[in-house]
Protein chains: 2
Amino acid sequence: MTDFNDKQIEILQVAENLFAEQGFDGTSVRDIAKSANINIAMISYYFGSKEKLLEALILYRISDMRLQMENLYREELTPIEKIDRLIELYIKRIHQNKGMYQIIHFEISSGKRIINCDAFNEMKKNNLEVLKNIIKEGQDKNIFNKDVNVVLLPTTIMGTYFHFQMNKPFFKDILNLNTQEDINNYVYNELTIHIKQTIKALLTYEK
Amino acid sequence: MTDFNDKQIEILQVAENLFAEQGFDGTSVRDIAKSANINIAMISYYFGSKEKLLEALILYRISDMRLQMENLYREELTPIEKIDRLIELYIKRIHQNKGMYQIIHFEISSGKRIINCDAFNEMKKNNLEVLKNIIKEGQDKNIFNKDVNVVLLPTTIMGTYFHFQMNKPFFKDILNLNTQEDINNYVYNELTIHIKQTIKALLTYEK
DNA sequence: ATCAAATTTAAACAAACGTTTAATTTAAAC
DNA sequence: GTTTAAATTAAACGTTTGTTTAAATTTGAT
């Protein structure tokens with residue numbers, strides 16, 4: 001269904017970086033062509049138009065982004081361990097595809113562009129179901145509290161990550177994160193720990 | 001220092017809505033002129049350029065956005081009450097100025113535009129200091145845990161809110177939020193409660 | 001009523017935009 | 001080697017972009 005040749009994939013990757021950096025409207029087809037070392041006409045030739053290139057990019061990445069959360073749910077782990085693993089999985093996936101998410105979020109929240117988000121929403125709904133099952137398991141075992149807004153749990157997890165990303169210049173400044181290496185380390189250690197700690201506290205604290 | 005006449009303020013408000021909806025690059029000066037019922041040339045006449053209009057807008061809103069957190073800190077409240085009030089204050093302010101924040105975040109995270117964020121960063125640093133003082137007060141009274149990443153607390157608070165905003169179409173769907181009224185209610189009730197609960201759990205839970 | 005400054009206008013500007021064209025080169029099949 | 005389709009190119013297309021111009025209008029003080 002989504003079969004692109006090497007040339008097309010290279011264009012998609014270049015476009016992904018530019019769209020994430022400068023936005024869709026802020027990136028011209030000439031920018032893309034220059035970065036990918038191709039002729040401008042190749043974009044229309046391969047994808048039809050700039051907007052269809054964006055749609056192709058989203059489909060390409062979503063098909064590459066399927067979480068194996070069901071496997072996680074079936075593993076022999078305590079609910080708390082599952083939550084830990086789930087957060088690690090979440091952060092890793094969105095950190096690796098942060099450019100993609102940045103584009104999608106901007107284009108979604110601005111109702112201007114009409115892009116097909118059905119596949120994206122289906123993925124989110126599915127992830128939410130798996131999470132609900134894990135939470136219910138923990139509640140049945142009297143490990144987790146029952147007055148938790150499960151729908152907003154992924155929002156807190158991903159929101160914390162994305163707000164960190166959005167304010168990267170601020171955190172670079174106050175936390176002395178000079179290289180991309182420093183940032184990756186902070187994300188995979190401090191930030192992940194903070195999120196795990198937060199979610200676990202919310203699920204297990206005594207009133 | 002930031003003295004705009006009525007006409008300029010109307011242009012700023014119109015521009016704010018359009019920028020938030022369609023992005024800076026996605027909004028033309030003709031769009032702004034049309035919405036504000038003015039001639040295109042008035043934008044250059046009053047602000048110099050489209051980009052200087054954006055800078056004026058940010059300055060205008062930030063000077064309008066000063067949180068009286070110091071007053072909160074000095075009030076006779078328990079640390080937990082202070083945190084509750086602080087979260088209410090945070091959510092109320094960013095929800096009222098969500099368009100502004102959307103613009104700033106996008107323009108900051110894309111390093112493309114060079115806008116003066118110093119005033120914005122100073123505000124954030126100041127808010128962080130006030131929060132640190134409240135947390136320390138709670139820790140000295142043995143109410144709050146000591147192993148909390150305070151720097152990431154506002155990130156979790158605001159990140160949860162913004163990620164909710166960004167995925168508004170998704171939540172509208174699964175939570176049946178049909179009108180703006182429904183959304184405002186959900187933000188000021190369920191969402192605020194969830195955030196308060198989360199932060200309090202993180203600050204007070206037993207290991 | 002007069003005059004000067006501030007405001008508003010329509011028109012024009014060059015530059016950049018996304019897209020298309022038609023000609024050329026490359027690659028593969030016979 | 002010839003043929004045919006695919007890939008690539010430079011050039012041009014018509015719009016739209018942000019900005020400027022110069023003339024017209026409004027405003028407020030004298």
Side-chain angles (χ1 to χ4, degrees), chain A residues 2-60 103-104 106-107 110-116, chain B residues 2-60 103-104 106-107 110-116:
Chain A
T2 52
D3 44 349
F4 301 112
N5 62 41
D6 294 352
K7 213 98 202 176
Q8 286 175 299
I9 289 175
E10 209 204 310
I11 297 174
L12 287 173
Q13 287 169 336
V14 165
E16 179 177 33
N17 289 332
L18 291 176
F19 287 162
E21 275 174 29
Q22 316 179 343
F24 182 80
D25 289 312
T27 306
S28 68
V29 289
R30 285 168 180 82
D31 290 339
I32 300 169
K34 204 173 196 177
S35 280
N37 282 314
I38 51 151
N39 189 279
I40 332 163
M42 297 309 292
I43 287 155
S44 292
Y45 177 73
Y46 274 131
F47 300 98
S49 70
K50 187 189 171 190
E51 231 165 283
K52 280 183 186 166
L53 166 67
L54 175 62
E55 287 181 17
L57 173 59
I58 291 173
L59 254 82
Y60 170 63
I103 301 164
I104 292 177
F106 183 74
E107 297 303 327
S110 94
K112 200 187 178 192
R113 206 108 31 220
I114 318 111
I115 48 174
N116 184 17
Chain B
T2 52
D3 43 349
F4 300 112
N5 62 42
D6 294 351
K7 212 102 203 176
Q8 286 176 298
I9 288 176
E10 208 203 311
I11 297 174
L12 287 173
Q13 287 170 337
V14 166
E16 179 176 34
N17 289 333
L18 292 176
F19 287 162
E21 275 173 30
Q22 316 180 343
F24 181 81
D25 290 313
T27 306
S28 69
V29 290
R30 285 169 179 80
D31 291 338
I32 300 169
K34 205 173 197 176
S35 278
N37 281 316
I38 52 154
N39 189 278
I40 333 162
M42 297 309 292
I43 287 155
S44 291
Y45 177 74
Y46 274 131
F47 300 99
S49 70
K50 187 190 171 190
E51 226 163 289
K52 281 184 185 166
L53 166 67
L54 175 62
E55 285 182 19
L57 174 59
I58 291 173
L59 255 80
Y60 170 63
I103 301 163
I104 292 178
F106 182 74
E107 297 302 327
S110 91
K112 200 186 178 193
R113 206 106 35 219
I114 316 110
I115 49 174
N116 185 17

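Just so we're on the same page: letters track the sequence lines, and every chain starts at 1.
- Rounded to an integer number of Å, the gap from B/Glu51 CD to D/dT17 P is 16 Å.
- Between the CG atom of B/Leu53 and the P atom of D/dG18 there is a distance of 11 Å, given to the nearest Å.
- With distances taken from any side-chain atom of A/Ser28 to the nucleotides D/dT8, C/dG18, D/dG18, the minimum falls on C/dG18.
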Run the side-chain donor-acceptor check on residues 11-19 of chain A: report pairs under 3.5 Å with partners two or more places apart or on a different chain.
unit_1, atom_1, unit_2, atom_2, d
A/Glu16, OE1, A/Arg61, NE, 3.2
A/Glu16, OE1, A/Arg61, NH2, 2.9
A/Glu16, OE2, A/Arg61, NE, 3.0

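- Counting any heavy atom pair closer than 4.0 Å across all strands shown, B/Ser44 reaches a base atom.
- Ring geometry for A/Phe4 versus A/Tyr60: interplanar angle over 60°, hence perpendicular rather than tilted (30 to 60°).
- With contacts defined as side-chain heavy-atom distances shorter than 4.5 Å, the pair B/Tyr46/B/Asn5 qualifies.
- Rounded to whole angstrom, the span from the CE atom of A/Met42 across to the C1' atom of D/dT9 amounts to 9 Å.
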- Item | Dot-bracket pairing map - DNA chain C, Watson-Crick plus G-U, both contacts under 3.5 Å, | cross-strand | ||||||||||||.|||||||||||||||||
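- Partners of A/Ser49 according to the side chain to side chain donor-acceptor pair (under 3.5 Å) rule, which considers only residues two or more places apart in sequence or in another chain, do not exist here.
- Straight-line distance from the CG atom of A/Asp6 to the C1' atom of C/dA27: 16 Å, rounded to whole Å.
- The side chain of B/Arg30 sits closest to D/dT17 out of D/dT8, D/dT17, C/dG18.
- Residue contacts shown for B/Phe47 are absent, as no nucleic acid heavy atom lies under 4.0 Å away.
- Only B/Ile40, B/Ala41, listed by number, bring a heavy atom of residues 33-41 of chain B to less than 4.0 angstrom from any atom of DNA chain D.
- With sequence neighbours excluded, no residue forms a side-chain contact (heavy atoms from CB on, under 4.5 Å) with B/Ser44.
- At least one side-chain nitrogen or oxygen of B/Ser49 sits closer than 4.0 Å to the OP1 or OP2 atom of D/dT19.
- The side-chain contact (heavy atoms from CB on, under 4.5 Å) check on A/Asn37 picks up nothing, with sequence neighbours excluded.
- Spacing between atom CD of A/Gln22 and atom P of C/dA16 amounts to 15 Å, rounded to whole angstrom units.
- The B/Tyr45 side chain lies nearest to C/dT8 when the options are D/dG18, D/dT8, C/dT8.
- Nucleotide D/dT17 holds its C1' atom 12 Å from the CD1 atom of B/Ile32, rounded to whole Å.
- Residues B/Asp25 and A/Gln22 have side chains not in contact (no heavy-atom distance under 4.5 Å, counting atoms from C-beta outward).
- Between A/Ile43 atom CD1 and C/dT20 atom C1' the separation is 14 Å, expressed in whole Å.
- The side-chain contact (heavy atoms from CB on, under 4.5 Å) search around A/Asn39 returns A/Ala41, A/Met42, not counting sequence neighbours.
- Of the possible donor and acceptor atoms, none in the side chain of B/Lys50 sits under 3.5 Å from a partner among the backbone N and O of B/Ile43.
- One can place NZ of B/Lys52 at 13 Å from C1' of D/dG18, the figure rounded to the nearest angstrom.
- Put simply, A/Lys50 has no side-chain N or O that comes within less than 4.0 Å of OP1 or OP2 on C/dC17.
- Counting heavy atoms from C-beta on, the side chains of A/Ile103 and A/Leu57 come closer than 4.5 Å.
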